[in-house]
Number of protein chains: 2
Amino acid sequence: MAGENPGVVEIYTDGACVPNPGPGGWGAVLRYGGHERELSGGEVERTTNNRMELMAPIQALETLTRPARVDVYTDSTYVRGGITGWVTKWKANGWLTSEKKPVANVDLWQRLAAAAARHEVEWHWVKGHSGHPENERADRLALAGMHAALRTAGIEPPPERQAVRPPRSFTQPSDSGMAGDSGQCRATTRQGRRCAVSARPSGLCHVHDHEVQCGAPKKNGEPCAIATGGGPCAAHRGYRRS
Amino acid sequence: MAGENPGVVEIYTDGACVPNPGPGGWGAVLRYGGHERELSGGEVERTTNNRMELMAPIQALETLTRPARVDVYTDSTYVRGGITGWVTKWKANGWLTSEKKPVANVDLWQRLAAAAARHEVEWHWVKGHSGHPENERADRLALAGMHAALRTAGIEPPPERQAVRPPRSFTQPSDSGMAGDSGQCRATTRQGRRCAVSARPSGLCHVHDHEVQCGAPKKNGEPCAIATGGGPCAAHRGYRRS
RNA sequence: GGACACCGGGUUCC
DNA sequence: GGAACCCGGTGTCC
């Protein structure tokens, strides 16, 4: 079971999107006999995790120069379920979901079906982030592809695990205090960024609401909402709660 | 804030686990009026940091002979957030997380809730390792509890944070695959004594078992269990953990 | 309602 | 760098 698989190409794929939706990448590990090859790519424009999960096997299969027996491994039941079953129905019914709504990502589904038709493909599902080595490699390739795309576009990817900020128009001019529709927590993270979790009626997320906000009264009388990990924030050092 | 708190019991708790997961310990400092009491304990079997963080207030609250007003201080938002908020939801929904998976450590959460119900408890969070004197004492008590448990089991705790490593001699697993009666780990401690912990099917205890296996991910994703005395086995030479 | 994936946040333990 | 745990979301299908 461990040895090579003569005459069969093994393809391990993964996709990533940071945030989702947002910039994304895909990665694939191809193995044939003793040979291995790694593919990756990414998109700067807003895309989705599922589009990236589709792109990985598309690019891998399109890379093969001639028809082959292929084992494709993906951690996405969306991809596997689609290509092994749903597409057949979609082709017949005009690409409608079971709820009669248009199927998403039709362009990629058709491209994947065409690429797979050239080969004899077996589709396998593997659980993600469970120590499967090739899946983890594909995962890292996906991130690498995304980062490469961002750099090519002149966007410097954050140095560490910091969030990638989508091109634009994510931060609305909320300096009015109007609140209103904005369901986003107004607390600030340790990194100085805005907390992205949805807010409770208080305007803070579940964490910042009752766990770690400064709480000191601001000049306008409202409690300071800076996240501190407990105790007062730097601006209110010395403040003690009742 | 430093003075005594008439009629109120103060409890400072902490937990530790080396490694995590692995053997662990918990510690608590109880203060009532002018009296102080220290509690600690540990487990040799594989446990987690969060279980130890839970055990500390459990044991402390269960120690109180009759209902009291209590201030509990923990550095774990897992414990504080759980007991002050999440448990209520969990009791109502059958102990499922927001992702509909079973809540971890249900046994301890129920035990903690029962222990807290006997008293009037206020739960406080303090940042760990920030000079809070009682928290640091609880931290040392947790390590002491773990060490005591290990010694009781015949395992010499590592001097610092170094891992316990048995000698390479046990690489020979054979001599009888029968196992059966031999419930004792066949590894040897640094001091040359025989490890007294009960063995797994591998013939090694939980500590020596996961410290000395190859650990490289096999093709099926599971970790290679070949015992090597450290480092990868011959088949996985070149593989690095993490 | 179910499933998989992809993200954001927080604390602790290493 | 990782593990233990929790909260909050989207992308998609059945």
Side-chain angles (χ1 to χ4, degrees), chain A residues 14-25 47-54 74-82 85-87 89-90 97-99 101 103-105 109 125-129 135 139 142-143 160-164 183-185 187-191 193-200 204-212 227-230, chain B residues 14-22 24-25 47-54 74-82 85-87 89-90 97-101 103-105 109 125-129 139 142-143 161 163 240-242:
Chain A
D14 198 16
C17 216
V18 184
N20 179 32
T47 183
T48 70
N49 65 320
N50 287 330
R51 287 187 71 83
M52 293 299 97
E53 299 275 12
L54 283 165
T74 176
D75 62 16
S76 167
T77 62
Y78 176 63
V79 169
R80 185 185 182 273
W86 309 334
V87 283
K89 191 181 65 177
W90 292 337
T97 73
S98 64
E99 299 209 334
K101 289 189 289 191
V103 167
N105 309 317
W109 282 118
W125 178 83
V126 296
K127 182 160 183 57
H129 303 283
N135 178 263
D139 179 58
L143 288 176
E160 311 241 344
R161 51 176 291 281
Q162 201 170 354
V164 176
Q184 189 179 349
C185 176
T188 307
T189 68
R190 294 262 173 80
Q191 290 75 29
R193 292 182 287 115
R194 174 84 175 279
C195 174
V197 179
S198 62
R200 293 176 166 180
L204 297 169
C205 75
H206 62 102
V207 171
H208 295 130
D209 186 24
H210 68 97
E211 287 290 348
V212 294
T228 64
Chain B
D14 198 15
C17 217
V18 184
N20 180 32
T47 185
T48 71
N49 64 320
N50 286 331
R51 287 188 71 82
M52 293 299 97
E53 299 274 13
L54 283 164
T74 175
D75 61 17
S76 166
T77 63
Y78 175 64
V79 169
R80 184 188 183 269
W86 308 334
V87 282
K89 192 180 65 176
W90 292 337
T97 72
S98 66
E99 300 212 335
K100 275 118 193 230
K101 288 189 289 190
V103 167
N105 309 317
W109 282 117
W125 179 83
V126 296
K127 181 159 184 57
H129 304 284
D139 178 58
L143 289 176
R161 51 177 294 283
R240 275 200 310 265
R241 277 195 214 227
S242 79

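Just so we're on the same page: letters track the sequence lines, and every chain starts at 1.
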Q) Counting only side-chain N and O atoms of N50(A), is one of them less than 4.0 Å from OP1 or OP2 of dC13(D)? A) no
Q: Return the value, rounded to whole Å, for the distance between atom CZ of R80(B) and atom P of dC7(D).
A: 16 Å
Q: Would you state whether a donor and an acceptor, one from the side chain of N20(A) and one from the base of C7(C), lie under 3.5 Å apart?
A: no
Q: Could you tell me how the ring of W109(A) sits relative to the ring of Y78(A): parallel (under 30°), tilted (30 to 60°) or perpendicular (over 60°)?
A: perpendicular
Q) So do V126(A) and T74(A) actually touch side chain to side chain, heavy atoms under 4.5 Å? A) no
Q) Does N20(B) reach the main-chain N or O of N49(B) with its side chain, forming a donor-acceptor pair under 3.5 Å? A) yes
(Q) Let's see if you can work this out: which of U12(C), dC13(D), A5(C) has an atom nearest to the side-chain heavy atoms of E53(B)? (A) U12(C)
Q.
Mind checking if T97(B) touches a base, just sugar-phosphate, or nothing, with heavy atoms under 4.0 Å?
A. sugar-phosphate
Q.
On the nucleotide C13(C), are OP1 or OP2 found under 4.0 Å from the side-chain N or O atoms that T48(B) carries?
A. no
Q.
Which is more 5' along RNA chain C, the nucleotide nearest A16(B) or the one nearest N49(A)? Just name the residue.
A. N49(A)
Q) If each of A104(A) and V103(B) is mapped to the nucleotide of DNA chain D with the nearest heavy atom, which maps nearer the 5' terminus, i.e. the 5' end? A) V103(B)
Q) Quick one: are D75(B) and E53(B) in side-chain contact, heavy atoms under 4.5 Å? A) yes
Q: Could you check whether G81(A) gets within reach of a base, just the sugar-phosphate, or nothing at all, counting any heavy atom under 4.0 Å?
A: nothing
**Q.** For atom CG of D75(B) and atom P of G10(C), their distance in whole Å
**A.** 17 Å
Q. Quick one: is W90(B) getting a side-chain N or O under 4.0 Å of the dC7(D) phosphate, OP1 or OP2?
A. yes
Q.
Between C1' on dT12(D) and NZ on K101(A), what's the gap in Å once rounded to a whole number?
A. 11 Å
(Q) Using the side-chain heavy atoms of C17(A), tell me which of these nucleotides is nearest: dC6(D), C6(C), A3(C). (A) C6(C)
Q: Using whole Å, report how far CG of D14(B) lies from P of dA4(D).
A: 19 Å
Q. Out of C14(C), C7(C), U11(C), which has the shortest distance to the side chain of P19(A)?
A. C7(C)
Q. T77(B) side chain: which of dG8(D), C4(C), G10(C) is closest?
A. G10(C)
Q.
Given C14(C), U11(C), dC7(D), identify the nucleotide with an atom nearest to the side chain of K89(B).
A. dC7(D)
Q) E99(A) has an atom CD; how far is it from atom P of dC14(D), in whole Å? A) 8 Å
Q) Should K100(B) be listed as having a side-chain N or O under 4.0 Å from OP1 or OP2 of G1(C)? A) no
Q.
Tell me whether the side-chain N/O atoms of S76(B) come closer than 4.0 Å to OP1 or OP2 in U11(C).
A. no
Q. Which nucleotide sits closest to the side chain of P21(A): C7(C), dC6(D), dT10(D)?
A. dT10(D)
Q | Point-to-point distance, once rounded to the nearest 0.5 Å, from OG1 of T97(B) to CH2 of W86(B) | A | 11.0 Å
Q.
So V79(B), base contact, sugar-phosphate only, or nothing? Heavy-atom distance under 4.0 Å.
A. nothing
Q: Specify the separation, in whole Å, of atom CG of N105(A) and atom C1' of dT10(D).
A: 13 Å
Q: Taking T77(B) for its side chain and G81(B) for its backbone only, find out whether a donor-acceptor pair lies under 3.5 Å.
A: no
Q: For K127(B) and U11(C), give me the distance from atom NZ to atom P, rounded to whole Å.
A: 6 Å
Q. When you check the phosphate oxygens OP1 and OP2 of dC6(D), does a side-chain N or O of W109(B) lie under 4.0 Å from one of them?
A. no
Q) Can a side chain N or O of S98(B) be found less than 4.0 Å away from OP1 or OP2 on dG8(D)? A) yes
Q: Classify the nucleic acid contact of G82(A) as base, sugar-phosphate or nothing, counting any heavy atom under 4.0 Å across all strands shown.
A: nothing
**Q.** Any H129(B) side-chain N or O less than 4.0 Å from OP1/OP2 of C13(C)
**A.** yes
Q: Using atom CZ of R51(B) as one end and atom C1' of dA3(D) as the other, report the distance to the nearest whole Å.
A: 15 Å
Q: Find out whether P21(A) and T47(A) are in side-chain contact, i.e. whether some heavy atom of one side chain is under 4.5 Å from a heavy atom of the other.
A: no
(Q) Using a 4.0 Å heavy-atom cut-off, does G24(B) contact any base of the nucleic acid, only the sugar-phosphate backbone, or nothing at all? (A) nothing
